[in-house]
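Working notes, structure below.
Every chain is numbered from 1, with letters handed out A, B, ... down the list of sequences. Keep in mind that what you see is a predicted model, and the values were worked out from it rather than measured.
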Amino acid sequence: MTSSQPSYYITTAISYPNGTPHIGHAYEYIASDAMARFKRLDGYDTYFLTGTDEHGQKMQQSAEKEGIAPRELATRNSAEFKRVDDEVLGISYDRFIRTTDDDHYAASTAIWRRMVEAGDIYLDKYAGWYSVRDERFFTADETEVRADGERYATETGTPVTWTEEESYFFRLSKYQQPLLDFFAANPDFGGPRSRFNEVIRFVESGLDDLSISRTTFDWGVPVPKDLTAPETDLDHVMYVWVDALTNYITGVGFPDTESESFRRFWPADVHVIGKDISRFHCIFWPAFLMSAGLPLPHRVMIHGFLHNAGEKMSKSVGNVVAPADWVAEYGLDPVRFFLLREFPFGQDGSYTHEAVVGRKNSDLANNLGNLAQRSLSMIVKNCEGMIPQPGERTAADRRILAQAEELLQISRTAYEMQDFHRALERTWFALGEANAYFAEQEPWKLKKTDLSRMNTVLFVTAEVVRKVALLVQPVMPESASKLLDALNIPENGDAGATNDSGSGPRSFAAFATELVPGTPIEKPAPIFPRHEERGD
RNA sequence: GGGGCGUUAGCUCAGUUGGUUAGAGCAGAGGACUCAUAAUCCUUUUGUCCUGGGUUCAAGUCCCAGACGCCCUACCA
């Protein structure tokens, strides 16, 4: 962690712990985790933030139903999200932030103060048709008067009443043009492009000022009294998104903008979020930051949603999958691999049991697992249990090594845009070529005719396995580590879980080296077993 | 209503700035091999590239119109 080391700051969205985590949450955590591990292994001083967003009316109401305090409910449910990260998914976050943390209150207050000082916050009335049942306002256009003379929300069919509420507003309209200029100057700010286009179109269509406080409930960050005293006697709490978005700078030390952490990690390299909250991250958040005079994040990566066999996951349909269930059925690494290999990250994906098993068996067990098994077994049996000394290399040897060699750069480029799908596709293409190479060279025949040549072929194959194992550590930390163990590569890091992974024989820096002939290896055991159907 | 994206082999999808016989993986069929986790390798079947026009020497790739699907947004007062 020297100052010369490049830094990388990545965040997930913070989860609203009004329920339990499902496979959609896991998708975002796993992808972000792979991204963070990749950067750590590639020598970046990396900071990875995740956590829970605990304020708001919904949490308060849920707590009331249970007869407990909001903070108690938040603490309990937040712990469950954290437990899934820690015990089920192996997420290598550096901090699990809670918006109820003390330093977060300080940060939220500070950014609010900055926005006030910028002249961007004013007091007004928020008025509209409020549906108690939906807990939200509707514009007049969104309501209709029915035959009974009462007014209803058209969309949800619930009765609405005219409600006026004092509220602080943020001058979002002022930032329409600055945002559009920023978008034009930073075409990769939002990804994928199609989602980013939606955001841009929305801004172009005009921005209204944003209501950013509430007085009807108190479960939130209080608006500082010294800022409200001249204007109101009411107690305002911040609109949940104001404080929620602020977590990204709380996590690196804000409001101390001179702190080592803030200077090192802000602005963030990427915020990873779902498509339902792109507007908050691509419009509100940059506008808040502009107002507060803080640098803007480099990128917001918007991922798609997972569908169960093409159907939207929903509690009422009963097709919601708990991460722990999947991990129990398929294993953690196969689940991680499946989610990142099967779907382009920016698109929705549809999963089926058959698809997961297909990836697990053909890609993991057959292509990668078996290549390692067949090559290492031959080394143990025919090379006195040591990595053999290779002889002169043929064109075929050089070709397959070069193909593995270029995977690092291909992966770097792909990961830069969170294109995990492509990185893995290219890696598995190379594995297919390696299996073909092995079959063509027929080392099992060479052992009777040309031992030196056999040694070369086995060395080259094992070397390809080593490079792939290094490269898939971010996606499958445990299995990749076992592969490296099997090759007797000295341990140093922890498959990208901490910044210790940035150097040494298991880091990406070791990509440029080769296996050391004479290194003893043990009789290998299958690392990627085929899927066994359970029950039945 | 406005806009975005998509529609390519049975399935999931690649197809760069228009250029030779349209590709991959999986699934199917046949064969080979035995080092290996009944794995691996080779060969192989199927495509009106949604439809109809247009531009061009040349279009899956550009333009126009339409169909279908998903999404964003507005409206239906």
Is the distance from the ring center of [X] to that of [Y] below 6.0 Å?
| X | Y | answer |
| --- | --- | --- |
| H353(A) | H531(A) | yes |
| Y27(A) | H303(A) | yes |
| Y168(A) | Y126(A) | no |
| F183(A) | F196(A) | yes |
| Y351(A) | F343(A) | no |
| F420(A) | Y415(A) | yes |

| Where does the angle between the aromatic ring planes of H22(A) and H25(A) fall among parallel (under 30°), tilted (30 to 60°) and perpendicular (over 60°)? | tilted
| query | Any idea how H281(A) and Y248(A) line up, ring-wise: parallel (<30°), tilted (30 to 60°), or perpendicular (>60°)? | reply | tilted
Quick one: which protein N/O atoms are closer than 3.5 Å to N/O atoms of nucleotides 2-6 of chain B? Pair and distance per line, please.
residue	atom	partner	partner atom	Å
G3(B)	O2'	R201(A)	NE	3.3

| request: Would you mind reading off the distance between D363(A) atom CG and A24(B) atom C1', rounded to a whole angstrom? | output: 12 Å
| In B/S/- notation, 5' to 3', how is nucleotides 32-45 of chain B contacted by protein heavy atoms closer than 4.0 Å? | -SSBBB-SSS----
| query | With a 4.0 Å cut-off, would you call K275(A) and E28(A) a salt bridge? | reply | no
| message | If the threshold is 4.0 Å, N to carboxylate O, is there a salt bridge linking D494(A) and R37(A)? | response | no
| request: Would you mind classifying the nucleic acid contact of R195(A) as base, sugar-phosphate or nothing, using non-hydrogen atoms under 4.0 angstrom? | output: sugar-phosphate
Integer angstrom distance from the [atom1] of [N] to that of [M]:
| N | M | atom1 | result |
| --- | --- | --- | --- |
| G23(B) | G6(B) | P | 23 Å |
| C62(B) | A14(B) | P | 15 Å |
| U46(B) | A29(B) | C1' | 12 Å |
| C71(B) | A65(B) | C1' | 23 Å |
| C33(B) | G15(B) | P | 39 Å |
| U7(B) | G60(B) | C1' | 12 Å |
| U48(B) | A9(B) | P | 8 Å |
| U43(B) | C50(B) | P | 29 Å |

| Contact check, side chains of D208(A) and S173(A), non-hydrogen atoms, under 4.5 Å | no
Identify all pairs in which a protein N or O lies below 3.5 Å from an N or O of nucleotides 7-16 of chain B, and state each distance.
none

| message | Pairs counted only when both distances fall under 3.5 Å, Watson-Crick or G-U: show me the 5' to 3' dot-bracket for RNA chain B, [ ] for pseudoknotted crossings and | for other-strand partners. | response | (((((((..((((.....[...)))).(((((.......))))).....(((((..]....))))))))))))....
| Please, which pairs that meet side chain to side chain donor-acceptor pair (under 3.5 Å) have at least one residue in residues 334-343 of chain A, sequence neighbours excluded? | D33(A)-R336(A), E342(A)-R359(A)
| Applying side chain to side chain donor-acceptor pair (under 3.5 Å), which residue pairs with at least one partner in residues 469-484 of chain A are found, sequence neighbours left out? | D333(A)-S479(A)
| Distance under 6.0 Å and angle within 45° of ring axis: K467(A) vs F511(A) | yes
